[in-house]
Amino acid sequence: MSSRLEAEHLYKVFGRRPNEAVERLRQGADREELRADGTTAAVIDASFTVEPGQIFVVMGLSGSGKSTLLRMLNGLLEPTAGHVRFDGQDLTALGDRELREVRAQKISMVFQHFALFPHRSVLENAAYGLGVQGVPRAEREKRAAEALELCGLAGWEKSWPDELSGGMQQRVGLARALATDADLLLMDESFSALDPLIRRDMQDQLLQLQQTLKKTIVFITHDLNEAMRLGDRIAVMRDGRIVQTGSAEDILIRPANDYVASFIQDVDRSRVLTAAAVMDEDVHGDEVSCGCETATPDTPFTELCAISARLTHPVAVLDPKGKLVGRVPKQRLVGLLGDQQGEPEPCDNPRGTRDGKVIANA
Ligand SMILES: Nc1ncnc2c1ncn2[C@@H]1O[C@H](COP(=O)(O)OP(=O)(O)O)[C@@H](O)[C@H]1O
Ligand SMILES: [Mg+2]
């Protein structure tokens, strides 16, 4: 079963004569031009594919169209133009009843404020989506309890929502979404209201759960660091358009335009980049041994900078067998860091030899 999600040239225009507005957008008009007529182009020509098991993050400032895009993915909003396909089915072609069915069976949504029912227990809250699916009570409670356990809430089943901390309440919302076994998880700023530490915790938990659950996830955030932590792929939105789609590395190393470049200035690169992402690949595959320090493809960025600072030549990147797979020029790191890097201190043995072999391209 394929649970791939595809968005094809999606548009959402609010206001009068939306189809006319789409035509103008196709001919290159932008949001501002339409706004003059009192029309809002919330989403403009959005296309992407999310493979099963991937976390696809949509990142952009407030008002860039993220929530509108997400609501089209589960059919809560009808696109003005374009198609949404999930699991081989064109959601945009379904009638209301079929759409409700798909939404109940295959799609779960997690919002920023989970809106737990205050007069229902944690267990009943987690079982809510299963109730909508018509799952009988005993099974509902069993599956809800399993989902709560996955989210670290075993033992809290009989509690009331207001007995839980904010972070725990978010977990109940996540458990509710997981309990239904939906293949597609849509998360709209789900962690944005949490304190930074709890937020980190939830991000870790989601990544950990995803290793076994392998859902198709679309996660919305306005926080680039969160996007980089969670996203297998990231789409950056601006004024209704997706301006770049790529991995965290792609976006950091090759920002598509000045807007993205200015956005990523504050990103903590050390958490994202590894040697493999920043090195020049070495096509010769020479055997090297080096008297100086070397890196491996998964050496984190900060460590790489530290190594580079002790060398005067590029850092050699060796695979686990000791084969040279790439080099990282000092200038590359300096470029990615901005002005944060100090003067290098040369190592003792910049053109070092060991076992009688000269090191790579000192
Ligand atoms: N129902 C609506 N009617 C009119 N305009 C809307 C509606 N929903 C959203 N918008 C407008 O569409 C744009 C994108 O909104 P939204 O998708 O909520 O952005 P985000 O989630 O990125 O903050 C905004 O300008 C917003 O005011
Ligand atoms: Mg929003």
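We count ligands from 1, going down the list as the structure has it; atoms in each ligand are counted the same way. One is the number of the first residue; the rest follow in order along the sequence. Given the structure is predicted, the values throughout are model-derived calculations rather than measurements. Every heavy atom of this structure was used, including side-chain atoms; hydrogens, water molecules and symmetry mates were not.
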Chemist: Check Lys323 with Asp319, please: is the shortest side-chain N to carboxylate O separation under 4.0 Å?
Modeler: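 No, this pair does not count.
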Chemist: Give the atom numbers and elements of ligand 1 that come within less than 4.0 Å of a heavy atom of Thr40.
Modeler: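 Reading through ligand 1 atom by atom, the close ones are 11 (C), 12 (O), 25 (O).
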Chemist: Might you point out which heavy atoms bring Leu194 and Gln170 nearest each other, and give the distance in Å?
Modeler: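 Shortest heavy-atom separation between Leu194 and Gln170 comes out as CD2-CG, 3.2 Å.
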Chemist: Taking C-beta and beyond as the side chain, do Arg327 and Met279 meet within less than 4.5 Å on heavy atoms?
Modeler: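 No, side chains not in contact.
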Chemist: Can you tell me the protein heavy atom closest to atom 12 (O) of ligand 1 and the distance?
Modeler: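 Nearest protein contact, heavy atoms only, for atom 12 (O) of ligand 1 is Ala42 CB, 3.4 Å.
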Chemist: Does some non-hydrogen atom of the protein lie less than 4.0 angstrom from atom 26 (C) of ligand 1?
Modeler: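 Under 4.0 Å from atom 26 (C) of ligand 1, zero protein heavy atoms found.
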Chemist: Is it true that Arg26 and Asp45 make a salt bridge, defined as a side-chain N closer than 4.0 Å to a carboxylate O?
Modeler: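 Salt bridge absent between Arg26 and Asp45.
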Chemist: Using 30° and 60° as the class boundaries, would you call the ring planes of Phe117 and Tyr128 parallel, tilted or perpendicular?
Modeler: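 The rings of Phe117 and Tyr128 sit tilted, inter-plane angle from 30° to 60°.
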Chemist: What protein heavy atom lies closest to atom 15 (O) of ligand 1? Include the residue and the distance to one decimal.
Modeler: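 The answer is Thr68 OG1, 3.8 Å.
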Chemist: So which heavy atom in the protein is nearest atom 22 (O) of ligand 1, and how far is it from that ligand atom?
Modeler: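 Heavy-atom neighbour on the protein nearest atom 22 (O) of ligand 1: Lys66 NZ, 2.8 Å.
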Chemist: Is there a heavy atom of Arg35 sitting under 4.0 angstrom from any atom of ligand 1?
Modeler: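 Within the 4.0 Å threshold, so yes.
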Chemist: State the OG-CG distance between Ser247 and Asp232, to the nearest 0.5 angstrom.
Modeler: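 Ser247 OG to Asp232 CG: 9.5 Å, rounded to 0.5 Å.
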Chemist: Note the single closest protein heavy atom to atom 19 (O) of ligand 1, along with its residue, its atom name and the distance in Å.
Modeler: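 It is Gly65 N, 3.2 Å.
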Chemist: Which heavy atom of the protein is the closest neighbour of atom 6 (C) of ligand 1, given with residue, atom name and distance?
Modeler: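 Scanning the protein heavy atoms, the shortest distance from atom 6 (C) of ligand 1 goes to Phe14 CD1, 3.3 Å.
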Chemist: Under 3.5 Å, is there a donor-acceptor pair linking the side chains of Asp223 and Thr221?
Modeler: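 The answer is no; no qualifying pair exists.
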Chemist: Taking 4.0 angstrom as the limit and counting only heavy atoms of Leu61, give me the atoms of ligand 1 inside it, by number and element.
Modeler: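 Numbered from 1, ligand 1 contributes 22 (O).
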Chemist: Does the side chain of Lys330 pick up a donor-acceptor pair with the side chain of Ser308 at under 3.5 Å?
Modeler: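 Short answer, yes.
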Chemist: Among protein heavy atoms, which lies nearest atom 24 (C) of ligand 1, and at what distance?
Modeler: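 Protein heavy atom with the smallest distance to atom 24 (C) of ligand 1: Gly63 O, 4.0 Å.
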Chemist: Could you say whether the N/O atoms of Arg31 and ligand 1 ever approach to under 3.5 Å?
Modeler: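 Between Arg31 and ligand 1, no N or O pair is found under 3.5 Å apart.
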Chemist: Is the distance from the Mg ion (ligand 2) to the nearest N/O/S atom of Thr68 under 2.8 Å?
Modeler: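 Short answer: no, not a single N, O or S atom is under the cut-off.
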Chemist: Under 4.0 Å from a heavy atom of Ser62: which atoms of ligand 1 are those, numbered in the order shown and with their elements?
Modeler: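 Heavy-atom distances to Ser62 below 4.0 Å select 23 (O).
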Chemist: Are Glu20 and Arg24 close enough for a salt bridge, meaning some N to O gap below 4.0 Å?
Modeler: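 Judged by the 4.0 Å cut-off on N to carboxylate O distance, Glu20 and Arg24 do not form a salt bridge.
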Chemist: Do NZ/NE/NH1/NH2 and the carboxylate oxygens of Lys106 and Glu101 come within less than 4.0 Å?
Modeler: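 Answer for the salt bridge query: no.
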Chemist: Consider every N or O of Ser64 and every N or O of ligand 1, then say whether any pair is closer than 3.5 Å.
Modeler: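 So ligand 1 has an N or O lying under 3.5 Å from an N or O of Ser64.
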Chemist: Do me a favour and list the nearest non-hydrogen protein atom to atom 18 (O) of ligand 1 with residue, atom name and distance?
Modeler: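 Result: Ser67 CB, 3.9 Å.
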